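Down below is the structure, laid out as structure tokens.
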Amino acid sequence: MQASALSAYQAGATGAGITVGVIDSGVDVTSPEFSGRISPASADLAGSRGLQDEGGHGSAVSDVLLGAKNDVGISGVAFAATLLVLRTDTPGTCADTTSADPGCTHADSAIARGLDLAVTSGARVVNISLGGEAADNTLRRAINAATAAGVIIVISAGNEREKDPTAAVNPDPLAQIAIDPIAHGLVLIAGATTSSKALASFSNMAGNGAAYYLTALGVRVQANDNHQIPLLWDGTSFSAPVISGAIALLAQAFPTLTGAQIIDLLLRTTTDLGAAGVDAVYGHGELNLAKAFAPQGALSLASSAVPVSIAGNGTLSTAMGDAGQGSLVAAIHDGYGRGYTVDLGGSLRPANRASRLSGALDLSSHTAAAVAGRSTVALSIAGSTDVQPLRLTGRDAAGARAVAASVVTRIDARTQVALGFAQGSNGLTNGLAGQGAPAFLVSDGASGSRGFDLAPKGAFAVRRRFGGVAFTIAAESGDVRLWERGDNGPLTDRYHRYAYGDVSVGVDTVQGPVTVTARLSHLAERDTVLGARFSDALGGGGAASWFTDARAMIDLGESTRVNAGWRRGWTAVASGPVRAGSTVMTQALSFDVQRDAVLTAGDSFALRWAEPLRVTSGGLALTGLGTDIVRFGLAPIGHERDLEGVYALPIGTGQFTGNVYWRQQPGNLAAAPDDLGVAIRYSFGF
């Protein structure tokens, strides 16, 4: 159907229990299209002839509106609604075929009595597929009373455009009652469109009634006449009952909607035709029941006023990868207070799968270090072409950007302190312990990354030795960086930053050829969960994580070393009005082999196998989506595994480095293609 009523039927709407008044020439009371659904309150308001249609117009209009779904002919829009027949044709006029202007006529007084009866009979909508002069005082009183009582009236726009195009720039005079204050905003004007969504050649335009004008199919509409003969009908008389039927479906499906809300909903959800927005030809556009039945306006969880989005309720981090594949059924209300059950599972977006290689290579940066007594100062600068970045002046200083810096100083023989700018505490603590690492670009060690994108702002570390054991205390703060979609298309996508803080305590010792390091750290995220961002509908952000790290290095002699690392995490997700306390488990692994003097003195080769941080179990326990707690797992299907080799060779005053890597299911995305790459660099000091 052109009105897109399938969505309404799939939602169970049929019009059952809704009384619809049809002011017209009566109806074929013997037709199976209306069997058992003609209201006993139906009446002939212009005489005492009964309800039987003499002209066929009333039967056809009623068939379009609510003809039975009986596999014979067509089905009406609201095929289970109750028909209140309001016969108003002046006696003898429908049978007149000899006068200069044959056809049914309807007195304003009879139409007024029909509206009064519709109010007392509980009709939600009255269809008036009639035209003529403006309403007289009697009819105006009845329209005022009906709309004040909440009854919606649909009036056809008129079919005068071919006969009188000048007058037809506005709706028929009777239909123009819609713009009169006595309509209370509850009178709609029905224009007719063709099957190609063009305004029918005969249909009056929206004109001065544009604010209440919408269209529906009104050309070659099939319906039975008063002899049960199927015919094809043209006219705004047959677009009006399509709109009236739509009103009946909405009234049945959403019984709490007021008449004003139904009008507003229909006008807001039309398919825009002609000039953008409300225009003088198509008014609001064409009826679209699919949109009218879909959630509209501000959405919120049914159990609270917490806003919810059908499209996007969060962005996952790489530690979660392609989690969120299951269903996440929630009860919501739309802006009209209508209840829906929706699946929010597909509204979580996976993290942006950016290439790690591009971020690891920074060809525009320069690094320098200086030693003064017990202190070491290191500085990295980006954006400058000066090969002596420690002596920046004038324009060079204005164009440069310090991207990282650290200061390391020894307090006494057993105590060291390190401060870092735009550098994490991991690097500081490893530096204090003298634990360097090969120049891997892509694969992270087990404790070298938390599985998501962190941008440290500052860090400090203190290390003190007690005999053969050293203790380290460290802290850092910075931002979680998360690539999120904007509300207005891809051009508004960008990185957002959310604060975090991390404190840790570690111990390391050397026993012969074995160096063992253990560390306990606490990560506090203000608005994120392991780098992921959730909307308020899923509890928002906020999490506290504990990580334990263990690392062992074995010196096998002959310039060969083996490193193994393991990280285990426990994340307590912050609770709230729609989320109970939840725990998420994470893990990361790595294994390195490094050998010096492989081909020549001074060179080295290292190989790393790693599994970056990944959620292994747990998820969100949501209490506000309905009546029961819903548990939504955050463990991904994908499982990233990285293999990387690096070869370093001193050449002249600099060093050549070559990396080769292979990432399987990168970003913990099972469907992601393997990431293969090679990087060759030459660096030198200055």
Side-chain angles (χ1 to χ4, degrees), residues 1-23 27 33-42 61-70 74-86 117-128 146-147 149-154 185-188 190 214 216 239-270 287-297 302 331-342:
M1 178 183 287
Q2 191 160 323
S4 303
L6 182 59
S7 296
Y9 302 145
Q10 291 174 335
T14 63
I18 302 300
T19 297
V20 179
V22 176
I23 291 179
V27 71
E33 298 297 319
F34 316 114
S35 178
R37 290 186 295 119
I38 296 178
S39 169
S42 299
V61 167
S62 299
D63 198 12
V64 172
L65 199 162
L66 46 66
K69 185 176 175 63
N70 56 8
I74 67 163
S75 298
V77 177
F79 52 80
T82 298
L83 173 61
L84 176 65
V85 182
L86 303 169
L117 181 57
V119 173
T120 59
S121 301
R124 289 299 306 272
V125 58
V126 175
N127 189 91
I128 304 179
T147 53
V151 178
I152 299 172
I153 301 173
V154 181
L186 294 187
V187 177
L188 288 176
L214 71 160
S239 52
V242 175
I243 296 171
S244 296
I247 292 168
L249 294 178
L250 286 168
Q252 182 224 344
F254 307 106
T256 60
L257 289 179
T258 65
Q261 286 178 312
I262 291 176
I263 293 289
D264 185 68
L265 182 60
L266 287 176
L267 295 179
R268 286 180 180 270
T269 58
T270 56
L287 174 70
N288 189 326
L289 266 174
K291 289 176 64 177
F293 266 76
Q296 300 294 329
I332 68 170
H333 284 153
D334 74 350
Y336 294 89
R338 299 182 294 174
Y340 292 87
T341 299
V342 298

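It should be emphasised that the depicted structure is a prediction, and the values quoted were computed from it without experimental measurement.
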Side chain proximity check, [X] to [Y], heavy atoms < 4.5 angstrom:
X	Y	result
F79	T14	yes
Y336	T256	no
V22	L86	no
D63	F34	yes
L266	L287	yes
N288	T270	no
V187	I263	no
T82	I18	no

I need the [X] [atom1] to [Y] [atom2] distance, nearest 0.5 Å.
X	Y	atom1	atom2	value
L214	I243	CG	CD1	3.5 Å
I153	I23	CD1	CD1	7.5 Å
N127	I152	CG	CD1	12.0 Å
T258	R124	OG1	CZ	8.0 Å
L84	L117	CG	CG	5.5 Å
L83	S42	CG	OG	6.0 Å

What is the minimum heavy-atom distance between [X] and [Y], and which atoms define it?
X	Y	value
A248	A78	CB-CB, 3.8 Å
R338	L250	NH1-CD2, 4.1 Å
A81	V20	CB-CG2, 4.1 Å
L265	A292	CD2-O, 3.6 Å
A123	G21	CB-N, 4.2 Å
V125	S244	CG1-O, 3.9 Å

Taking [X] for its side chain and [Y] for its backbone only, find out whether a donor-acceptor pair lies under 3.5 Å.
X	Y	answer
E33	A68	yes
S39	A41	yes
R268	G297	no
Q296	D334	no
R37	L66	yes

Measure from the ring center of F293 to the ring center of Y340 and say whether it is less than 6.0 Å.
->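 Not under 6.0 Å, so no.
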